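Everything below concerns the one structure shown next.
All chains are named by letter (A, B, ...) in the order of the sequence lines, taking the proteins before the strands, and each is independently numbered beginning at 1. Just so it is clear, the model here is predicted, and its values are computed rather than measured.
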Protein chains: 2
Amino acid sequence: MAFLAACKLQEPVTIADKLFLDLRRAILEGEIPAGKKISEPELASAYGVSRGSLREAIGKLENCNLVTRKPNIGARIIGFSTSQLMEIYQIREAMEGMAARLAAEHMTEEEVARLRHILERHRVEIEAKQEYSQQDVDLDFHFSIIQGSKNMRLIRMLCQDLYDLVRFYRFRLKSGFNRSEQAYHEHNLIVSAIERRDGEMAETLMRHHIRASRDYARKTLESMPQTEA
Amino acid sequence: MAFLAACKLQEPVTIADKLFLDLRRAILEGEIPAGKKISEPELASAYGVSRGSLREAIGKLENCNLVTRKPNIGARIIGFSTSQLMEIYQIREAMEGMAARLAAEHMTEEEVARLRHILERHRVEIEAKQEYSQQDVDLDFHFSIIQGSKNMRLIRMLCQDLYDLVRFYRFRLKSGFNRSEQAYHEHNLIVSAIERRDGEMAETLMRHHIRASRDYARKTLESMPQTEA
DNA sequence: AAACAGTACATTGTCGACAATTGCAATCGG
DNA sequence: CCGATTGCAATTGTCGACAATGTACTGTTT
């Protein structure tokens, strides 16, 4: 997944950083269940590090919005709720819409070509019905456009803060969403707009795309109500 | 300033939290100059706390985007540059536009009335030519709309992460921006749209307003080029 | 004189121990 | 039998000391 490599630019040099990446992966991939309370002594001994380093790592996880802390009480992994997911979609609609507009203005020709290539990969894997890879390709697609905006702060806010949450939810709802053909079609329109350097259209199409994803997710979640808080 | 009170809901109970708020205020109000490197032993003894607590506070400052850290090298206060400011305006355009749309849909009648009252305060202080209060009122205005969106994550991202930066820049460029009358007019249109519950129009107007502020800031900064990195 | 190497200093990262606060449980009183 | 209160255990917050890394200075070499 080329997705993650470019996100965190610096490789972890300090113990707390390595621990942070380990824990983040563990949370995103569900090894640590959602909503679980973090016991500092327990985790510290489990990973063989000091409590101080662990606390520093937890602080970084808090920035990624993957854990919440209350003073004198402790830290716990975030839970997932439908309303939270809808909130995230709304924010993505606004920010990725802007990202698409900026990408249409600022992407280099080579970057646009790479984007078109990602889309091609998407089509191939739809025909082969590779469901997991489709999700990775989807992330790569959105990630490439975000990077194409060239707005460093927008990139950081989306890739570091928000997309960890997206992956968190996506993992726990995986294979429930079978909207790939429709998504591919919408992606195709977006890339075309970017190729024409039509920022206004790219933003409109991206917002439409994310809103459609949100509506689909809401309908899917309502039809299978085994969501625990 | 009612602005800050509602932002950080919990009062600081732990030492690191108090230290964090102290340092944040010191940075935002320019007591600590922009770009300055933070010496952990120095600051720790200056505030009479341990280095551990200070490091925790610095971690929180990093989340607010007010300091940047490099491993084994240290932390420094962020610098300010025109391009960074333009990036922030772009993000605000997207997110606050969405906030205005949601506010038009979700604000209670009482909240709308309060918003109209803030606008009235704005008008009074323009006529009295109270320049500082105008900036506070402006923050209150935008903050109220953001809160009116009822999207908790959007509120957190804007009020905690982005608006610290806004205040950081605003303090250092204060009284250079004399756009109050125009801003008041635009604010007025936005409130009217919200009162009519016209989300689409509220978003359009808010985006226009922020874009106009950005253009004005850019022009002002270009005409007085004493911006040090 | 400029550049490199080595050493000494300062700063950051890491750790284990102590203090303060919270949550639970058992006991006491109604 | 139920509720409140007090005491205990566990967890978090805080601190000072040690180790590792980066930095500046000096002395030597080309």
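- For the OP1/OP2 pair of C:dA10 and a distance below 4.0 Å, the side-chain nitrogens and oxygens of B:K37 include no atom meeting the criterion.
- Other residues, nucleotides and ligands contribute over 12 non-hydrogen atoms within 6.0 Å of the NZ atom of A:K37.
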Listing time: all N or O pairs from protein to nucleotides 13-16 of chain C that are below 3.5 Å?
| unit_1 | atom_1 | unit_2 | atom_2 | d |
| --- | --- | --- | --- | --- |
| C:dG13 | OP1 | B:N72 | N | 3.2 |
| C:dG13 | OP2 | B:R55 | NH1 | 2.5 |
| C:dG13 | OP2 | B:R55 | NH2 | 3.1 |
| C:dG13 | O3' | A:T14 | OG1 | 2.9 |
| C:dG13 | N7 | B:R51 | NH2 | 2.8 |
| C:dG13 | O6 | B:R51 | NH1 | 3.1 |
| C:dT14 | OP1 | A:T14 | OG1 | 2.5 |
| C:dT14 | OP1 | A:I15 | N | 2.4 |
| C:dT14 | OP2 | A:T14 | OG1 | 2.8 |
| C:dC15 | OP2 | A:S50 | N | 3.1 |
| C:dC15 | OP2 | A:S53 | OG | 2.9 |

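- A heavy-atom distance below 4.5 Å is found between the side chains of B:F80 and B:F168.
- Rounded to whole Å, atom C1' of C:dT12 lies 10 Å from atom CD1 of B:I58.
- Between A:F141 and A:H187, the ring planes lie parallel to each other; the angle is under 30°, not in the 30° to 60° tilted range.
- Atom CD1 of B:I38 is separated from atom C1' of C:dT12 by 13 Å (rounded to the nearest Å).
- Under a 3.5 Å cut-off, the side chain of A:Y89 and the backbone N or O of A:Q84 do not form any donor-acceptor pair.
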Apply side-chain contact (heavy atoms from CB on, under 4.5 Å) to A:N65 and B:R156, showing your working. CA-CA 11 Å; A:N65 300 306; B:R156 279 222 313 266; 3.6 Å; yes
